[in-house]
Visitor: 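I have a structure I would like to understand better, so I am pasting it below and will then ask my questions one at a time.
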Amino acid sequence: MASNHFYHKVYLTVAKIPYGKVATYGQIADYINAYGRARQVGWALRRLQLPSNVPWYRVINSKGFITMSFSRHGSDWIQKKLLVNEGIKVDSKMKIDTKQYLWIPKELPYKE
DNA sequence: AGAATGACGCTGA
DNA sequence: TTCAGCGCCATTC
């Protein structure tokens, strides 16, 4: 199915985020030639059934925060725990120091 | 089918 | 610097 292709690209790219690093929703959208579709990246990750082999927890919003939402049914707190387990510091406001942890790939992680 | 929703992000005041 | 407003669009109601 064509729509699943978008999700597949999201998962493929997210899987390339290195251990101990994070990326933003917009970044992922950008890398898969879907500039401006950060929301769809969020939908793709929300669709995952946990536990997943995709490191979904390494994706945060552009402000450097873990996005908190009741609709996530606790996965936001699980996200914090998993990131801390990788040595990433997450403060009490769910803020992450992007200067230190943001993934900056040297090459385009996804190519058509 | 039409409207609302949302794990987002840029812009401009 | 902060923040409301708007664009985005698949999914859900």
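These numbers come from a predicted model, not from an experiment. Protein chains get the first letters and strands the later ones, always in sequence-line order, with residue 1 at the start of each.
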Visitor: By the 4.0 Å heavy-atom rule, please label A/R72 as base, sugar-phosphate, or nothing.
Guide: base
Visitor: Rounded off to whole Å, could you give me the CD1-to-C1' distance for the A/I28 and C/dC8 pair?
Guide: 18 Å
Visitor: Using whole Å, what does the distance between atom P of nucleotide B/dA7 and atom CD1 of A/I96 come to?
Guide: 17 Å
Visitor: Between B/dC8 and A/T67, is there an OP1 or OP2 to side-chain N/O distance shorter than 4.0 Å?
Guide: yes
Visitor: Rounded to whole angstroms, how far apart are CZ on A/F6 and C1' on C/dT11?
Guide: 13 Å
Visitor: Picking from C/dT11, B/dC10, B/dG9, which would you name as closest to the side chain of A/Y7?
Guide: C/dT11
Visitor: I want to check one thing: is the phosphate of B/dT5, taken as OP1 and OP2, less than 4.0 Å away from some side-chain N or O of A/R39?
Guide: no
Visitor: Of all the choices, B/dG9, C/dA10, B/dA7, which nucleotide is nearest to the side chain of A/S75 once you look at every atom?
Guide: B/dA7
Visitor: Taking all non-hydrogen atoms of both residues into account, name the closest pair between A/L102 and A/A23 and its distance.
Guide: CD1-CA, 4.0 Å
Visitor: Contact between A/Y101 and A/L83 at the side-chain level, heavy atoms closer than 4.5 Å - yes or no?
Guide: no
Visitor: How many Å lie between CZ on A/R46 and P on C/dT12, as a whole number?
Guide: 6 Å
Visitor: Think A/S69 has a side-chain N or O under 4.0 angstrom from the OP1 or OP2 of B/dG6?
Guide: no
Visitor: Using the rule side chain to side chain contact (heavy atoms under 4.5 Å, CB included), only one of A/V90, A/I96, A/D91 pairs with A/K80; which is it?
Guide: A/V90
Visitor: Would A/R47 and A/Y11 count as a side-chain contact (heavy atoms from CB on, under 4.5 Å) here? Give the steps.
Guide: CA-CA 11 Å; A/R47 227 188 196 209; A/Y11 302 146; 3.9 Å; yes
Visitor: Apply side-chain contact (heavy atoms from CB on, under 4.5 Å) to A/Y57 and A/E86, showing your working.
Guide: CA-CA 11 Å; A/Y57 52 86; A/E86 294 199 348; 3.1 Å; yes
Visitor: If I take atom NZ in residue A/K63 and atom P in nucleotide B/dT11, what distance separates them, rounded to the nearest angstrom?
Guide: 15 Å
Visitor: Assuming nearest nucleotide by heavy-atom distance, tell me which of A/N61 and A/Q40 is located more 5' along DNA chain B.
Guide: A/Q40
Visitor: Can you tell me the distance, in whole Å, between the NZ atom of A/K93 and the P atom of C/dT2?
Guide: 11 Å
Visitor: Rounded to whole angstrom units, what separation is found between the CZ atom of A/R37 and the P atom of C/dT11?
Guide: 11 Å
Visitor: Roughly, in whole Å, what's the span from OH in A/Y25 to P in C/dG7?
Guide: 23 Å
Visitor: Hey, which sits more toward the 5' end of DNA chain B by its nearest nucleotide, A/W43 or A/S62?
Guide: A/W43
Visitor: Indicate, with a heavy-atom threshold strictly under 4.0 Å, whether A/Y35 touches base, sugar-phosphate, or nothing.
Guide: sugar-phosphate
